[in-house]
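First comes the structure, then the notes that go with it.
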Amino acid sequence: MAIRRPLARSELPVDTVSLARHLIGKAVVRELPEGVASGRIVETEAYVVGDAAGHAYRGMTRRNQSLYLERGHAYIYFAYGSSYMLNVSSETPGIGAGVLIRALEPLEGIPIMRLNRGVERLRDLARGPGRLAAALRIDRRLDGLDLCREGPLWLGCGDDEPGEIGRSIRIGISQDANRLLRFYLRDNPFVSGPRSLNE
DNA sequence: GTATGGATCGGCT
DNA sequence: GCCGATCCATACA
């Protein structure tokens with residue numbers, strides 16, 4: 001899988017839902033002092049314009065301002081007192097929307113991820129948004145970063161034909177909970193969530 | 001200033 | 001499957 005090239009911004013759909021689907025099979029690449037760690041995106045969720053579950057629903061604040069950047073920038077926040085979440089901004093500049101990256105299939109730097117997570121099991125290294133952020137040592141310092149150019153964190157080309165993509169409701173939200181805005185790779189063991197959502 | 005409730009995880013049953 | 005930990009951004013007084 002040729003990941004050693006950043007995704008060009010022009011390749012990214014402007015529309016949030018299209019972007020969430022498009023990112024399945026692409027790669028997240030993290031450059032660390034001790035080496036490169038990367039993974040293939042197997043699960044995403046769209047947080048669209050006017051979405052009551054979206055962090056931009058009530059307008060721009062200091063926390064969520066990265067959601068308003070041109071598509072392809074990182075929005076990173078801290079949730080539940082324990083986990084960082086990685087999002088990719090979508091839509092045109094000034095519009096607050098994005099795509100949550102929910103799970104990765106580890107590709108490169110698996111020993112680095114094991115150290116960052118303190119867990120051996122390959123399947124558990126980046127299955128879940130908090131876990132993948134920990135595996136790649138992602139925190140608020142990377143918030144606002146352009147993911148379409150090489151640097152500490154970027155989006156790489158992955159598969160054009162990743163496999164069959166499923167669609168379901170999103171996980172762990174209460175507002176606007178019934179919309180089918182979650183995308184995942186069918187039959188991939190690195191996808192998070194209950195079996196009932198992954199058929 | 002205080003209250004509140006998460007886009008979760010890991011451990012236990 | 002259930003529950004507690006943990007902390008910060010936000011909302012409101």
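Below, each value reflects all heavy atoms present in this structure, side chains not excepted, and no hydrogens, waters or symmetry copies. The chains referred to below are lettered A, B, ... by the order of the sequence lines, with proteins before strands, and numbering in each begins at 1.
With salt bridges taken as basic N to acidic carboxylate O contacts below 4.0 Å, none links A:Glu91 and A:Arg71. A salt bridge does not link A:Arg30 with A:Glu150: none of the charged nitrogens is closer than 4.0 Å to a carboxylate oxygen. Classification of A:Arg9 and A:Asp146 as a salt-bridged pair holds, one side-chain N sitting under 4.0 Å from a carboxylate O.
A:Met60 has its CE atom 17 Å from the P atom of C:dA9, to the nearest Å. Nucleotide B:dG6 holds its P atom 16 Å from the CD1 atom of A:Ile171, rounded to whole Å. Rounded to whole Å, atom P of B:dG5 lies 12 Å from atom CD of A:Gln175. Rounded to an integer number of Å, the gap from NE2 of A:His55 to C1' of B:dT8 is 12 Å. Straight-line distance from the CD1 atom of A:Ile138 to the C1' atom of B:dA7: 15 Å, rounded to whole Å. One interatomic measurement links the two molecules: CZ of A:Arg123 to P of B:dC9, which rounds to 13 Å at whole-angstrom precision. Rounding to whole angstrom units, CG of residue A:Asp124 and C1' of B:dT8 are separated by 14 Å. Atom-to-atom, OH of A:Tyr77 to P of B:dT8 comes out at 7 Å; the value is rounded to the nearest Å.
Checking A:Asn64 against A:Ala79, the closest nucleotide of DNA chain C that is more toward the 5' end is the one next to A:Ala79. Toward the 5' end of DNA chain B, the nearer of the two residues A:Val119 and A:Glu45, judged by each one's closest nucleotide, is A:Glu45. Judged by closest nucleotide on DNA chain B, A:Gly172 is the one of A:Gly172 and A:Arg131 placed further toward the 5' end.
Nucleic acid contact class of A:Arg117 (heavy atoms, under 4.0 Å, all strands): sugar-phosphate only. Looking at heavy-atom distances under 4.0 Å, A:Arg63 makes contact with sugar-phosphate atoms alone, never a base.
In terms of modelled atom types and a separation under 3.5 Å, the side chain of A:Asp124 and the main chain of A:Arg121 share no donor-acceptor contact.
Each of C:dC7, B:dA7, B:dT8 was ranked by its minimum atom distance to the side chain of A:Tyr47; first place goes to B:dA7. Distance from the side chain of A:Thr61 is smallest to C:dA9 among B:dG10, C:dA9, B:dG6. You'll find that the side chain of A:Arg58 is closest to C:dA11, out of C:dC8, B:dT8, C:dA11. Among C:dC8, B:dG6, B:dT8, the nucleotide with an atom closest to any side-chain atom of A:Phe78 is C:dC8.
Residue-to-nucleotide contacts include no donor-acceptor pair under 3.5 Å from the side chain of A:Tyr80 to the base of C:dA5.
Closest approach of A:Ser66 and A:Ser89 over heavy atoms only: O-CB, 3.6 Å.
For A:Arg127, no side-chain nitrogen or oxygen approaches OP1 or OP2 of B:dT8 to under 4.0 Å. A:Arg140 has no side-chain polar atom (N or O) that falls below the 4.0 Å cut-off from OP1 or OP2 of C:dC8. Taking side-chain N and O atoms only, A:Arg182 has no distance below 4.0 Å to OP1 or OP2 of B:dA7.
Taking the six-membered ring for Trp, A:His55 and A:Tyr77 have ring centres closer than 6.0 Å.
Look at C:dG1: its Watson-Crick or wobble partner, with both distances under 3.5 angstrom, is B:dC12.
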